[in-house]
Amino acid sequence: MRTQVAIVGAGPAGLLLGRLLHTRGIDSVILEQRSPDYVLGRIRAGVLEHGACALLRKAGVGARMDAEGLVHAGVALCFDGTARRIDFDDLVGREVMVYGQTEVTRDLMDARAATGAPAIYEAQDVALHDFDRDHPRVTYRKDGITHEIACDFIAGCDGFHGVSRASVPPAAIQTFERVYPFGWLGVLVDRPPVSPELIYVSHERGFALCSMRSTTRSRYYVQCSLEDEVGAWSDDRFWDELRHRLDPASAATLQTGPSIEKSIAPLRSFVAEPMRFGRLFLAGDAAHIVPPTGAKGLNLAVSDVAYLAEALGGFYADHSSDGIDSYSVRALHRVWKAERFSWWMTTMLHRFPDSSQFDRRLQRAEFDLLMDSRAAAQAMAETYTGPVM
Ligand code: APR
Ligand code: PHB
């Protein structure tokens, strides 16, 4: 088989790249190691920046998002029981869309199926070859048979544990990493959210977050220890802990119920540089990870592939390599801003095991600055809602 761009991974990065290339008349084949049901079964965050929404609409995959997504014009920050709102509309005139990553993925899968563009699921042993030359190849095994795809470019959209980044010679890549000494225990519940907007909570006992998937399904998190086991957290224990960390008004109105999913996720910041190696490009979680506190993971995947589609579009339309030559620098510029923001939100709101009363006072001062200074709140709102792409 031959294609112009071989895409490894059918997460949001790979599927959206395929879609953006299709709208430019560029062929792609997507290779995914899992089944579609497995991919759609993963529970991930779902806050879309203003620019990401615009891009999905432009790519023709925004209709269900606009019909079912929830537009949020602000978030609440709550510090030791006092909640205050950051008003995005007033501060920056932009909003975000709460629409689950799973739904974005489903819309992209459906759109691809409708165009008939190939997506090969349950592709085993995907291997990348010759991306340091002009004619790269990707091989994979399916139903016991080995297949080869000849291509012009490979897009590594296969997440943090994928094969693409691991295929780069170690001397050609530099990585930067911070692993945080705590996790998030998440619970999904079929109850209306405690508040129509997200609440990010900093409490002496640790961070908490009130989020949602719809007006009837909520997603809640509490910071936990990395040594904690999900089994040690009964639903009752979870709700008690969440109530404890919330402001009194929210704690009193929180609607609890049996969890329909409960899991612990670690928090990590990670960046690989560069994001291009000859004819291989990395995009999304394959190149970088942010802790979920700033809700930037999905948005970075979207901006990476927007840049990459533009770069490849320039290559095929004008025989120009300017876009592909600048992809890595352009993407990393945006990535590091999101890394800073996610690290800052994480540091401001979490309890660190070795933190002192001095550190807690600094966190309080950071919160007070956001509440007292329009400029500080504006900077937060601008970054949370994202740049105009
Ligand atoms: N071969 C083929 N596919 C692979 C391989 C492999 N060796 N390794 C991983 N994959 C697939 C995974 O099964 C997954 O479906 O690549 C896909 C990567 O998808 P994601 O992990 O969702 O990553 P990405 O598309 O970059 O999306 C980033 O996901 O983790 C969140 O916060 C993050 O929201 C962000 C988004
Ligand atoms: C979520 O809804 O899962 C979510 C929302 C915002 C975040 C992180 C996770 O910052």
Side-chain angles (χ1 to χ4, degrees), residues 6-18 29-49 52 70 72 75 77 96-102 104-105 108-109 119-128 138-142 154-167 184 186-188 193 197-201 207-214 217-221 261 263 265 267-268 270 282-305 308 338 341-342 345-346 349 384:
I7 299 173
V8 187
L15 286 163
L16 180 58
L17 177 63
V29 174
I30 297 183
L31 290 173
E32 164 62 50
Q33 71 178 357
R34 305 287 191 171
S35 68
D37 283 348
Y38 183 97
V39 171
L40 291 173
R42 289 190 290 235
I43 296 186
R44 300 266 177 86
V47 178
L48 289 166
E49 290 175 356
L70 304 170
H72 282 203
V75 290
L77 295 181
V96 291
M97 178 79 81
V98 172
Y99 186 60
Q101 177 172 323
T102 309
V104 176
T105 308
L108 288 164
M109 274 183 182
I120 298 158
Y121 287 88
E122 296 174 277
Q124 305 304 310
D125 301 336
V126 172
L128 285 55
V138 180
T139 54
Y140 66 99
R141 214 163 41 78
K142 170 110 183 164
I154 303 172
C157 302
D158 48 352
F160 185 63
H161 300 288
V163 66
S164 299
R165 193 180 70 253
S167 304
W184 280 16
V187 157
L188 195 63
E197 292 177 347
L198 273 59
I199 312 176
Y200 288 88
V201 182
F207 171 82
L209 171 61
C210 304
S211 182
M212 66 198 70
R213 292 290 172 271
S214 68
R217 179 170 285 189
S218 304
R219 179 75 167 155
Y220 294 107
Y221 300 94
E261 195 268 351
S263 53
L267 276 75
R268 178 196 302 269
F270 174 90
L282 301 181
D285 279 14
H288 39 72
I289 296 287
V290 283
T293 327
K296 290 291 168 218
L298 175 57
N299 293 293
L300 278 185
V302 170
S303 61
D304 284 355
V305 299
L308 185 52
F341 182 69
S342 308
M345 286 272 285
T346 304
L349 298 171
Y384 194 92

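Just so you know, these numbers use all the heavy atoms, side chains as well, and skip hydrogens, waters and symmetry mates. One-based numbering, in listed order, for ligands and for the atoms of each.
The ligand atoms of ligand 1 that sit less than 4.0 angstrom from a heavy atom of Leu298 are 34 (O), 35 (C). Applying the 4.0 Å criterion to heavy atoms of Gly284 picks out, from ligand 1, the atoms 26 (O). Listed by number with element, the atoms of ligand 1 under 4.0 Å from a non-hydrogen atom of Val163 are 7 (N). Of all atoms in ligand 1, numbered sequentially from 1 with element shown, those under 4.0 Å from a heavy atom of Arg34 are 13 (O). Within ligand 1, counting atoms from 1 as listed, the ones closer than 4.0 Å to a heavy atom of Leu31 are 2 (C), 3 (N). Ligand-side atoms of ligand 1 in range of Gln101: 22 (O), 29 (O), 31 (C), 34 (O), 35 (C), 36 (C), range being under 4.0 angstrom from any heavy atom. Within the listing of ligand 1, atoms 1 (N), 2 (C) sit less than 4.0 angstrom from a heavy atom of Val8. When each atom of ligand 1 is checked for a heavy atom of Arg42 under 4.0 Å away, the hits are 12 (C), 13 (O), 14 (C), 15 (O).
Residues satisfying the salt bridge (Lys or Arg N to Asp or Glu O under 4.0 Å) test with Glu122, not counting sequence neighbours, are none. When the ring pair (Phe, Tyr, Trp, His ring centres under 6.0 Å) test is applied to Tyr99, no partner is found at least two apart in sequence or on another chain.
Distances from atom 9 (C) of ligand 1 to the heavy atoms of Leu15, Asp158, Asn299, Leu108 show the closest one on Asp158.
At least one donor-acceptor pair under 3.5 Å links the side chain of Thr102 to the backbone N or O of Arg42. Formation of a donor-acceptor pair under 3.5 Å by the Lys142 side chain with backbone atoms of Tyr121 is found in this model. Using a distance-only test at 3.5 Å, with no hydrogens or angles considered, a donor-acceptor pair links the side chain of Asn299 to the main chain of Glu49.
A heavy-atom separation below 4.0 Å is not found between Ala123 and ligand 1.
Taking any N or O of Pro12, backbone or side chain, at least one lies under 3.5 Å from an N or O belonging to ligand 1. The shortest N/O to N/O separation between His161 and ligand 1 does not fall below 3.5 Å.
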Next item on the list: Would you please test Tyr384 and Tyr200 for side chain to side chain donor-acceptor pair (under 3.5 Å) and show each step?
Entry: CA-CA 13 Å; Tyr384 194 92; Tyr200 288 88; 2.7 Å; yes

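The residue Pro292 has no part lying near ligand 1, judged by heavy-atom distances below 4.0 Å. The backbone and the side chain of Asp285 each have at least one atom closer than 4.0 Å to an atom of ligand 1 (non-hydrogen atoms only). Residue contacts with ligand 1, taken as heavy atom pairs separated by less than 4.0 Å, involve Gln33 via backbone and side-chain atoms alike.
The contact shell of ligand 2, taken as protein residues with any non-hydrogen atom closer than 4.0 angstrom, comprises Ala45, Val47, Trp184, Leu198, Tyr200, Leu209, Ser211, Arg213, Arg219, Tyr221, Pro292, Thr293, Ala295.
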Throw together a table of side-chain donor-acceptor distances under 3.5 angstrom for residues 154-167, partners on residues two or more places apart or in other chains.
from   : atom 1 : to     : atom 2 : distance (Å)
Asp158 : OD1    : Ser164 : OG     : 3.2
Asp158 : OD2    : Val163 : N      : 2.8
Asp158 : OD2    : Ser164 : N      : 2.9
Asp158 : OD2    : Ser164 : OG     : 2.9
Arg165 : NH1    : Phe160 : O      : 3.2
Arg165 : NH1    : Ala286 : O      : 2.7
Arg165 : NH2    : Phe160 : O      : 3.1
Ser167 : OG     : Val163 : O      : 2.6

